[in-house]
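Written below as C-alpha cells is the structure these notes are about.
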Protein chains: 2
Amino acid sequence: MTQIKETEVIKEIRISTEEKIVTAARKVFTKKGLSGARMQDIADEAGINKALLHYYFRSKEKLFEKIFEEASTKMFTKITEFIDSKEMNLFEKIEKMVENQIVMSMENPFLPAFVVNEFHQNAESSICQTIGQKMTVSKKLIEQIQEAVNQGFIRPINPLQLFINIMSLSMFPFIAKPIMQINTGLSDELFAVLMEQRKKEVADFIIRAIRM
Amino acid sequence: MTQIKETEVIKEIRISTEEKIVTAARKVFTKKGLSGARMQDIADEAGINKALLHYYFRSKEKLFEKIFEEASTKMFTKITEFIDSKEMNLFEKIEKMVENQIVMSMENPFLPAFVVNEFHQNAESSICQTIGQKMTVSKKLIEQIQEAVNQGFIRPINPLQLFINIMSLSMFPFIAKPIMQINTGLSDELFAVLMEQRKKEVADFIIRAIRM
DNA sequence: GTCTATAGCGAGATAGAC
DNA sequence: GTCTATCTCGCTATAGAC
C-alpha cells in the first residue's frame with residue numbers, strides 16, 4: 001500500500017472530490033434543470049464550498065454540459081443496445097428494448113424528464129444541437145420493421161409510428177410519475193410494482209398490436 | 001358606438017391589456033418554465049413595460065400560477081370529456097380520448113412538456129399540490145375497463161396499465177418532439193402529418209392490443 | 001486543493017411622475 | 001393605466017489567504 005506513488009495518491013484524491021461534485025450535480029440538475037439549479041445547492045449536496053465547483057469546472061454551463069451529455073447518452077444507449085443484433089427477431093428485440101428502458105428509468109427516476117425537458121427548453125442552443133447530433137438513432141430497427149411488414153410477419157404499420165409507440169410506452173410513465181402520484185396518492189412502492197409489471201405488460205401489448 | 005358608457009370602454013381596455021399579458025406569459029412560461037422565464041421576456045412579448053406586469057399580477061409567482069393552472073386544466077379536461085358518457089362503448093371512448101388529446105397537443109405544442117415538467121421539478125410545492133388536487137381523475141374509466149375485462153369483452157389487463165398506455169401513446173410524441181427533430185431532421189410539416197396519422201393509428205394499435 | 005470574502009451583474013419588485 | 005428610474009437581493013464568478 002505504501003508503495004503507491006505520490007502522484008497516484010494525489011490523483012486519487014482529486015478524482016474523489018471531482019466525483020463528489022459530479023454526483024451532486026447529477027442529482028441537482030436532473031431534478032431542477034439548468035435554470036432551476038443553484039450552484040449553492042450543488043455545493044451543499046457535495047459537502048464542499050461553492051468556489052470549488054468553479055475550480056474543477058469553469059462555470060455552471062460547463063458543469064451542466066457534462067451532466068446533460070452523460071444523461072442523454074445513458075437515455076439512448078440502453079434502448080439501442082440490441083437494435084443491431086442479428087441473433088434476435090423483431091419481437092425479441094422489442095422485449096429487450098422495453099425492459100432495458102424501464103430498468104434504466106427505475107434506476108434513474110429523474111433522467112427521462114430531465115433530458116426531454118432540456119431539449120424542449122433549449123432546442124436551438126448549441127449544447128442541444130451538439131449532443132443531439134451525437135445520438136445516432138440507428139436506422140436498422142426502422143428497416144427491420146419495414147422488412148417484417150413486407151414479409152407479412154407483422155401487420156402493415158408505419159415503422160416510425162411503431163418506434164414512437166415503443167418509446168412512449170416505456171418512458172412516459174416515468175415522466176408523468178409526479179402527476180400520477182399527486183392525484184392518485186400512489187406510493188413509491190406501488191409505483192415500483194406497477195413498473196415492474198410493465199416490463200412484461202408493455203411487450204405483450206405491443207406484440208398483440210402488431211402481429212397478424 | 002359613441003353611446004357606449006365610459007366605464008365599459010375602460011373595462012374593455014383593461015381586459016385587453018390583461019389579455020395581452022396572459023397571452024405573452026402563456027407563451028414564455030410554457031416554453032421556458034417557471035425558473036427559465038424572465039419577466040422582461042414576457043413584457044417584451046406583450047409589447048408593454050415590466051412594471052405593468054406587477055400592476056396586474058402582483059408577482060411572477062402569481063402570474064405563473066394562473067398560467068400553470070390553466071394549462072393543467074386544459075391538459076386533462078379534453079381527455080376526460082367523454083369518460084363518463086353512457087352512450088359510447090369502451091372502444092369508442094378510447095378513440096375519442098386519443099383524438100382529443102392529440103388535437104389539443106397539436107394546438108398547444110409546448111403544453112404537455114410544460115405541465116409534466118413543472119410537476120416534476122416542484123412536486124412538493126404548494127402550487128403543484130393545490131392544482132394536483134383539483135384535477136379529479138375520473139375513476140369511471142378504470143371501472144369500465146375492469147368491467148369489460150370481467151365480461152370477457154377485452155383480454156385480462158390491469159386497468160391502470162391500460163390507462164397509462166392510452167396517455168403515453170397520445171402525449172409522449174409531443175414531449176419528445178424536439179429530440180426527434182434534432183436527430184432525424186424531421187420538419188414541422190412532416191411531424192404534423194405524422195401526428196395526424198396517429199389519431200387513427202394509436203386507436204387501432206390499442207384496440208388490437210386489448211381485444212380478445 | 002480548499003476555504004472566506006467579495007466583486008459584479010441580472011432579475012424581481014417598487015416609487016413616483018405623467 | 002402606463003411609463004422611467006431605482007432599490008434590493010440572490011446568484012455566478014473571481015481574488016486571495018491558507
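In what follows, every chain begins at residue 1, and chains take the letters A, B, ... in the order their sequences are listed. All of these numbers come straight from a predicted model, not from anything done at the bench.
- When the P atom of D:dG10 is taken as reference, atom CG of A:D41 falls 14 Å away, rounded to whole Å.
- In this structure, a donor-acceptor pair under 3.5 Å is absent between the side chains of A:N158 and B:E201.
- Taking atom NZ on B:K60 and atom P on D:dG10, their separation rounds to 15 Å, with Å as the unit.
- Per the geometry, NZ belonging to B:K50 stands 12 Å off P belonging to D:dT4, to the nearest Å.
- In this structure, of D:dA13, D:dC3, C:dT4, it is D:dC3 that holds the atom nearest to the side chain of B:I48.
- Contact check, A:Y55 against C:dC3: no side-chain N or O comes under 4.0 Å of OP1 or OP2.
- Taking the ring axis of A:F114 as reference, the NZ or CZ atom of A:K31 does not stay both within 45° of it and closer than 6.0 Å to the ring centre.
- For B:K66 and B:E69, the salt-bridge test fails: no basic side-chain N is under 4.0 Å from an acidic carboxylate O.
- Remark: side-chain polar atoms of B:K93 are paired, donor with acceptor, to backbone N or O of B:S85 under 3.5 angstrom.
- By the 4.0 Å N-to-carboxylate-O rule, B:D204 lies too far from B:R208 to be salt-bridged with it.
- Across D:dA13, D:dT4, C:dT4, the shortest atom-to-atom separation from the side chain of B:A51 is found for D:dT4.
- Nucleotide D:dG10 holds its C1' atom 17 Å from the CE atom of B:M39, rounded to whole Å.
- For A:L53 and D:dA13, the CG to P distance is 10 Å, given to the nearest whole Å.
- Between A:S59 and D:dT12 there is no side-chain polar atom (N or O) within less than 4.0 angstrom of OP1 or OP2.
- Distances shown here put every side-chain N or O of B:T17 at or beyond 4.0 Å from the OP1 or OP2 atom of D:dG1.
- B:N49 has its CG atom 10 Å from the P atom of D:dA5, to the nearest Å.
- Atom P of nucleotide C:dT14 and atom CD of B:Q40 are separated by 17 Å, given to the nearest angstrom.
- Phosphate proximity of C:dA13 to B:H54: present, with a side-chain N or O under 4.0 Å from OP1 or OP2.
- Residue contacts shown for A:A37 are limited to sugar-phosphate atoms, with no base heavy atom under 4.0 Å away.
- Rounding to whole angstrom units, CG of residue B:L52 and P of D:dT4 are separated by 10 Å.
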